[in-house]
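All chains are named by letter (A, B, ...) in the order of the sequence lines, taking the proteins before the strands, and each is independently numbered beginning at 1.
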Number of protein chains: 2
Amino acid sequence: MTIKLYCFGESGNAYKAALPLELSGLAWEAAYVDFFNGASRTEEFLEINVMGEVPALVDGDLTLTQSGAIQAYISEKSGKFAGETPEEEREVLRWVLWDNHKLSSQAGMTRFLMNFLPENKRPQEVIAFSQGRLRNAYKTLNAALEGRDWLVGNSPTNADFSCCGYLFYPEPFGFDRTAWPHIDAWLSRIEALPGYKHPYDLMPGSPADRA
Amino acid sequence: MTIKLYCFGESGNAYKAALPLELSGLAWEAAYVDFFNGASRTEEFLEINVMGEVPALVDGDLTLTQSGAIQAYISEKSGKFAGETPEEEREVLRWVLWDNHKLSSQAGMTRFLMNFLPENKRPQEVIAFSQGRLRNAYKTLNAALEGRDWLVGNSPTNADFSCCGYLFYPEPFGFDRTAWPHIDAWLSRIEALPGYKHPYDLMPGSPADRA
């Protein structure tokens with residue numbers, strides 16, 4: 001049975017699941033959710049995921065949402081990316097939670113407000129405030145990567161795949177990777193992994209389709 | 001060795017760790033972090049937690065941060081609150097991630113902006129925007145609790161202890177439990193658990209100390 005991932009190219013949260021899925025070697029296919037035309041709010045999709053969120057993974061009878069939970073499931077099936085020891089596993093979970101709390105949740109929202117809302121509807125005070133919070137997150141991430149190749153242990157884990165989720169996208173949201181040298185070098189290491197694909201190459205749908 | 005939890009009463013994120021710690025029966029003690037006087041940004045504290053965040057758990061040689069990672073550790077040690085089956089474990093993780101992403105991160109920030117910033121420094125547009133996002137989160141949580149006692153399985157888990165983190169606090173941030181009947185009943189069930197304590201009774205520090 002091929003794993004199905006409900007996703008769309010613009011979603012960094014979906015990318016956090018799609019990237020380890022692709023790199024794990026598991027058989028999977030993308031099911032396109034036409035988010036910008038409301039497909040994630042239809043009754044059909046809400047039956048798959050009561051939270052109305054992308055990504056959602058379907059593997060036989062199992063339906064699972066939240067990128068961090070999907071990553072843990074991919075690790076269960078593939079034996080990869082979860083950390084090598086109990087200590088590393090805890091550290092991976094810690095970074096995945098941190099990312100959800102401080103980085104991706106803010107970055108995804110800020111990028112949405114700055115790029116996918118009509119120009120006259122963009123809440124400038126909210127955007128400025130979120131960019132300020134995000135600077136603290138970049139600072140924490142950059143400091144953690146100083147002198148290290150990967151966030152946890154000596155190889156890429158779900159910690160890396162979670163935190164990088166929004167950082168490869170070209171749409172501006174206040175993140176400039178050249179300003180954060182340790183983040184920049186780490187993103188280059190991720191891009192150099194065998195089989196790596198950019199979000200718009202890995203998942204269906206991109207702003208280019210709507211241009 | 002007694003587990004030490006660095007925390008302060010106003011922190012719902014700390015409460016998410018302190019509540020299952022208390023209810024698990026493990027021996028623990030609170031170490032007060034005087035957050036409002038900058039104690040979480042001192043070099044001494046940053047050595048415990050490079051992210052500068054509360055809560056932080058210290059158990060012998062182990063230091064752990066992020067409430068969700070601390071919860072998982074408490075479950076490891078006590079055998080409680082993690083779910084009874086692999087399916088339930090996945091569901092628990094899913095809700096803990098959802099809470100970090102959509103509920104606690106927003107509720108904590110909004111409550112901070114509305115109560116702990118000087119009145120003339122409160123960003124009204126940000127507060128209104130966050131309250132709008134939070135309404136969607138309350139809606140999702142309320143719907144998930146319809147016809148259920150607990151978010152996952154038939155007993156309280158870390159899913160419940162994560163999602164309730166900010167919902168017992170008296171300071172206004174736009175949440176009115178009487179407006180969400182299934183959330184309200186669930187909060188009452190948590191309050192009725194043997195050994196339950198309110199955040200300001202469980203952890204040191206509260207607005208009353210500074211009044």
Side-chain angles (χ1 to χ4, degrees), chain A residues 13 16 41 46 49-53 56-57 61-73 76 86-87 89-106 108-109 113 122-130 132-133 136-137 139-141 143-146 159 162, chain B residues 13 16 41 46 49-53 56-57 61-73 76 86-87 89-106 108-109 113 122-130 132-133 136-137 139-141 143-146 159 162:
Chain A
N13 285 319
K16 293 194 276 181
R41 292 279 158 194
L46 288 173
N49 177 12
V50 69
M51 296 171 184
E53 291 178 335
L57 174 144
D61 289 340
L62 176 78
T63 298
L64 199 58
T65 64
Q66 284 289 324
S67 60
I70 295 173
Q71 288 180 336
Y73 181 71
E76 242 181 75
E87 289 71 31
E89 283 179 29
R90 277 185 213 119
E91 280 294 290
V92 168
L93 176 60
R94 190 169 84 95
W95 277 106
V96 170
L97 287 160
W98 177 84
D99 170 63
N100 274 271
H101 197 157
K102 302 273 173 155
L103 180 53
S104 285
S105 52
Q106 295 297 311
M109 185 193 80
L113 298 178
R122 296 175 186 173
Q124 296 306 330
E125 185 181 314
V126 175
I127 290 169
F129 181 83
S130 299
R133 293 188 89 199
N136 287 333
K139 197 175 153 190
T140 297
L141 184 62
L145 286 164
E146 186 174 350
S162 195
Chain B
N13 286 318
K16 293 194 277 182
R41 292 281 159 192
L46 289 173
N49 177 12
V50 68
M51 295 172 185
E53 292 178 335
L57 173 144
D61 290 338
L62 177 79
T63 297
L64 199 59
T65 64
Q66 284 290 325
S67 60
I70 295 173
Q71 288 180 337
Y73 181 72
E76 240 179 77
E87 290 70 33
E89 284 178 27
R90 277 184 213 118
E91 280 295 290
V92 169
L93 176 60
R94 189 169 84 95
W95 277 106
V96 170
L97 287 159
W98 177 84
D99 170 62
N100 274 272
H101 196 156
K102 303 273 173 156
L103 180 53
S104 285
S105 52
Q106 295 297 313
M109 184 191 80
L113 298 178
R122 297 176 186 173
Q124 296 305 329
E125 186 181 312
V126 174
I127 290 169
F129 181 84
S130 298
R133 294 188 88 199
N136 286 333
K139 198 176 154 187
T140 297
L141 185 62
L145 286 164
E146 186 174 352
S162 194

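- Among the candidates Ser67(B), Ala69(B), Ala72(B), the residue making the largest number of heavy-atom pairs closer than 4.5 Å to chain A is Ala69(B).
- Counting heavy-atom pairs under 4.5 Å between each of Gln124(B), Glu125(B), Met109(B), Gln106(B) and chain A puts Glu125(B) at the top.
- A distance of 8.5 Å separates CD of Glu53(A) from CZ of Arg94(B), quoted to the nearest 0.5 Å.
- Neither the backbone nor the side chain of Leu103(B) has a heavy atom closer than 4.5 Å to any heavy atom of chain A.
- Neither the backbone nor the side chain of Lys139(B) comes within contact range of chain A, judged by heavy atoms closer than 4.5 Å.
- Neither the backbone nor the side chain of Glu87(B) comes within less than 4.5 Å of any heavy atom of chain A.
- Between Arg90(A) atom CZ and Leu62(B) atom CG the span is 5.5 Å, to the nearest 0.5 Å.
- Chain B forms the most heavy-atom pairs under 4.5 Å with one residue out of Pro123(A), Ala137(A), Gly108(A), Ser130(A), and that residue is Pro123(A).
- Neither the backbone nor the side chain of Leu141(B) has a heavy atom closer than 4.5 Å to any heavy atom of chain A.
- Most heavy-atom pairs under 4.5 Å with chain A, from the set Asp99(B), Asn136(B), Leu97(B), Ile127(B): that is Leu97(B).
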